[in-house]
Amino acid sequence: MGCGTSIATEPQGMALETGKPMKAAILIQGWYRRYMARLEMRRRYTWNIFQSIEYAGEQDQLQLSSFFSFMLDNFTHLNGSGPDLISQLLDPVVDPWLGRETCYELIPVSESYSGPRISFPLSISHTNSLLNAFKEHQTLHARYALQLLWETKKLLKQMPNIVHMSTSYAKEITICGDLHGHLDDLLLIFYKNGLPSADTPYVFNGDFVDRGKQSTEVVLILFAYLLLYPNHMHLNRGNHEDHIMNLRYGFTKEVMQKYKTHGREILQLFQDVFSLLPIATVIDSKVLIVHGGISDQTDLDFLNSIERHKVKSALRLPRCSLEQLDVSQPYKQATSQRSAHSPRPGSSHSRRQRTRTQTKRKRHHGLSHQDSASSSSSSSSSSSQCSPRTPSCLSPRPCYSSPSVPFSTDVLQVPFLDSLASLPPPSPPRVEREWKQMVDVLWSDPKPQDGCSPNIFRGGGCYYGPDITQRLLRHHGYQLLIRSHECKQEGYEICHGGHVITIFSASNYYEEGSNRGAYVKLGQDLLPRFYQYQVSRTTRKLTLTQRVRAAEGSALRALQEKLFSHRSELLTGFLPYDHNNTGCVSVSEWAQVLETVLRLDLPWRTLRPHLARLAPDGSVEYLSCFDYMGPGLQLPQVTPNLTETLVRYRTDLELIFNIIDKDHSGLISLDEFRHTWRLFSAHLGVALDDGAIDALARSIDFNKDGSIDFTEFLEAFRVVHKLDNKDH
Amino acid sequence: MADDLERAEIIVTEVHKKINDAFEVFDHDLNKTVDVREIGAIVRSLGCFPTEAELLDIIDERPPNVLLLKVEEPSGFICFERFLPTMSKILMEHKFRPIPEDMLLTAFEVLDRQKKGHLEPDELTDYMRQGNEPFTHLEMEEMLSSAVDPDSNLIYYKDFVNTMVLDGER
């Protein structure tokens, strides 16, 4: 009992009663330091929760996309969904209307339009009026938006894949990272650092759109400055400048909401423009700037020679290569084994299980974890394959070729995704190589250990170690790699012995107060200088305690939602430990079940007080971890656990729906609904008969007119917090 | 007897897992090392109240068997293998036990000599700058930012103690 040697020597009560302020001060110091330590702990795990959930989402996205690609490449093999539907999934037909370059001229701008009016070539007064209009929450008229995009497209066509800049023309070059539709951050950067100009050149390193609410404004401003100062403003492509990513992460939806009538044309143009964005920028032949990074395969000379616009999406896989067909005996065994099991409800998590095992490898290499056996095989697969084919091609290989890996039969029941490798015809090697080189540059993250391994955490790109960085830099005589792609608490981070800088410019990315934003400036000495900032919506500065509490709250809610959406699996997991049907398991067992089912590497014991109640005997009342959440609306249970499945996969489902709903009307016919659902259940491996689907469709066609408002439908499955009001 | 042994083993395993959990939160590179400067946060978040000096001892302690480890510890980092035995010992022996909450309030009351129910920011700063391990400028700034009532510019310590206790114990 004591807060240190000084006090522990005598009873504290006495010490204080004698009124020695010194003792009291020391006691408060000790208490406060522990309080801050706890706060720091909470800040960290909050971060871990946000990041795990974010990357798990990216994995889902890649899973879904590889499934689409499989469908697209093989639709003749499938019954049920006709080619019409499939072919429009990922290769939108080019609208002839868009061929006419001056189409925007036909769009009338009414007298009553009070927003900014621009003409080309753009002048400073135009960009100023754009900035002001966006500050006032005005929208640029579709006519001008289209024209701006057309001009941007024309300009970008002339740009090389790798842009070279020099510090000799300006004193300093400013480099910004991910903005993700955070207009306030962009405006703050301009305010602090000056508007783009010949004297203030900028490089924006990708991920301008998605997630934030003002992606359209951000990207239009950037394009306007690009047109105004083509030699002093450079935009690198990021992994979110990708029309399939945009379907999931909000940009598509945002554009359709802001441009109701011409949204489709605008989106189509964005897609073109995104694919024309340069891949990399090099400063003074010494500093390489790319969005994600590199892999051991990255070849800048090759990248410089490709036709970059052909890579429309990192998620639209080219037809699979010979390399993947070259999977001999072990793979075939696995395939046949898999087909022997028919997908059953509840097995839908199996794909995660596999990915998770791989994640484990990274997270716990060389440690005495129970499943450390799986850590052995990672090296065999690592260097040659670094692409988001992970779900379909990457992960199965090392597993199947290594019999020592203890996989449960569950893992083999993945529908479709894995069989991708065995069916499609090989693609021209060059196309595949171009695509893969692009993906590595846009998706990869650095890691502290040497070597190159697939980025299983995200599901795409790879992890590159300091040796990979060294090799590439030395080869080209470069000294520094600047990349973005990962949110950092301080807005930037330096790694690989100072040779790699991560720069991230969207502050409050996960949650108000979660992180700062930063930009970096390089002068002729090429020594990076960092500038940090944080956009604040409140006038009163929040204390650390308040910030941590807010962020923690929203992270925990996201986590509770995850728990809810895996309810039945978790319950199945708890059952074997609950011998006497008491509804209680030990803390250790509870943590183990969560870890196994959710595949999120989180400090469950530390989080336990926020997620579940303890019984008087110290065990966990496991049902209490579902107490926080409930579905927004009670729907008829046409099939067991349907609600839970929908809650879990609503983002996937929304994405499929967005593709099918080509005119983005938000309405689909019952027939289309059935198609969506069939695709979806095939993807998940959830066996649902047509009768159940029809029943579901009828139950949600509230006005019986044969069409379904899908957005509303999905809203019904947004889980809500029962205690939301109580919490705040 | 066998039961006791079993129970002891379970307790030890739980303690190890708890430490591992806390350690992992700070293990950014996922290579089972943490920055020396974060050891304080880990030890304290596990419920301990060591002084700064005692923290340094923890950091410097090298259990004998660990000296034989072949693991090369990067300077400025502590690896898990080294931390685990030291920390387990601390937890098992209940060292650096928590100070009860009411003591914290009593301590503030001692500082509030006129029993006004509040302290001036300067007053508190003076006290916190005392002792063998006075607050750094940063610590003081952060403490004031959460302790001072922005309207009256006073520290109503009863409220502040409540915040600390509630947030710490949840």
Side-chain angles (χ1 to χ4, degrees), chain A residues 1-7 12-13 16-17 19-42 44-45 47-48 362-367 447-449 495 540-541 543-546 548-549 586-588 591 601-607 609-610, chain B residues 10 13-14 17-18 20-22 24-26 28-32 38 40-45 47-54 80 96-100 103-104 106-111 113 124 127-135 139 142-143 145-146 150 161 163-165 167-170:
Chain A
M1 173 88 38
C3 91
T5 41
S6 50
I7 274 188
Q12 282 163 11
L16 292 175
E17 274 158 28
K20 284 182 189 162
M22 176 76 100
K23 304 276 181 197
I26 290 170
L27 190 146
I28 295 170
Q29 285 169 350
W31 240 95
Y32 183 74
R33 284 190 171 120
R34 196 199 66 145
Y35 168 66
M36 290 306 283
R38 289 233 160 155
L39 213 54
E40 183 61 17
M41 169 65 84
R42 288 162 63 191
R44 298 300 176 96
Y45 68 59
W47 188 261
N48 290 357
K362 182 203 163 213
R363 310 268 301 179
H364 301 289
H365 42 97
L367 270 149
K447 60 167 183 171
Q449 301 83 12
C495 63
R540 182 176 286 175
K541 201 171 158 266
T543 65
L544 182 67
T545 315
Q546 289 167 320
V548 170
R549 210 184 282 162
S586 77
V587 173
S588 196
D601 213 348
L602 291 171
W604 294 114
R605 280 166 201 80
T606 314
L607 294 171
H610 304 283
Chain B
I10 291 173
T13 319
E14 266 312 295
K17 281 181 174 166
K18 232 173 107 178
N20 183 58
D21 246 24
E24 278 193 349
V25 174
F26 292 87
H28 306 297
D29 294 340
L30 309 170
N31 59 356
K32 288 284 151 188
E38 312 204 284
I42 298 175
V43 174
R44 289 185 171 122
S45 70
C48 298
F49 282 74
T51 64
E52 297 291 283
E54 285 161 338
F80 185 66
F96 316 127
R97 284 285 290 279
I99 308 159
M103 291 293 297
L104 182 61
T106 314
F108 272 103
E109 280 164 358
V110 168
L111 300 187
R113 291 182 182 182
L124 183 64
Y127 286 125
M128 292 300 107
R129 291 287 197 182
Q130 290 182 12
N132 293 330
E133 297 169 343
F135 270 11
E139 280 176 314
E142 182 47 52
M143 185 188 212
S145 83
S146 42
V161 166
T163 320
M164 281 213 273
V165 170
D167 266 18
E169 295 311 306
R170 272 216 314 163

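Just the heavy atoms: all of them, side chains too, but no hydrogens, waters or symmetry mates, feed the values below. Numbered from 1 within each chain, the chains take letters A, B, ... in sequence-line order. Here the structure is a predicted model, which means the values were calculated and not measured.
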Flag side-chain contact, heavy atom, 4.5 Å: A:R549 against B:T163: yes
Minimum heavy-atom separation for B:A22 to A:T606, with atom names? N-OG1, 4.5 Å
Minimal heavy-atom distance between A:A37 and B:G40, with the atoms involved, is CB-O, 4.2 Å
Below 4.5 Å, heavy atoms only, C-beta onward: do B:V161 and A:W31 meet side chain to side chain? no
What heavy-atom pair brings B:V25 and A:P603 nearest, and what distance separates the two atoms? CG2-CG, 3.4 Å
Could you check if a side-chain atom of B:E14 sits within less than 4.5 angstrom of a side-chain atom of A:S588, using non-hydrogen atoms only? yes
Is it the case that the side chain of A:Q29 and the backbone of B:Q130 share a donor-acceptor pair, with hydrogens and angles ignored and the cut-off at 3.5 Å? yes
Separation between CG (B:D21) and CG (A:L602), nearest 0.5 Å, reads 9.5 Å
Heavy-atom distance under 4.5 Å between the side chains of B:F26 and A:E40, does that happen here? yes
Closest non-hydrogen contact found for B:L111 with A:P21 is CD2-O, 3.6 Å
Heaviest contributor of heavy-atom pairs below 4.5 Å to chain B, chosen from A:S586, A:C495, A:P448, is A:P448
Does any non-hydrogen side-chain atom of B:E133 lie less than 4.5 Å from one of A:R33? yes
Do B:E24 and A:D601 make a side-chain contact, defined as non-hydrogen atoms from C-beta onward lying under 4.5 Å apart? yes
Where the side chain of A:Y32 meets the backbone of B:M143, is there a donor-acceptor pair that is under 3.5 Å apart? yes
Gap separating the CE atom of A:M36 from the CD atom of B:E142, nearest 0.5 angstrom: 4.5 Å
Residue pair A:I28 / B:Y127, side-chain heavy-atom distance below 4.5 Å: no
Minimum side-chain heavy-atom gap A:R44-B:E38 below 4.5 Å: yes
Which of these passes side chain to side chain contact (heavy atoms under 4.5 Å, CB included) with B:S45: A:M41, A:R42, A:R34? A:M41
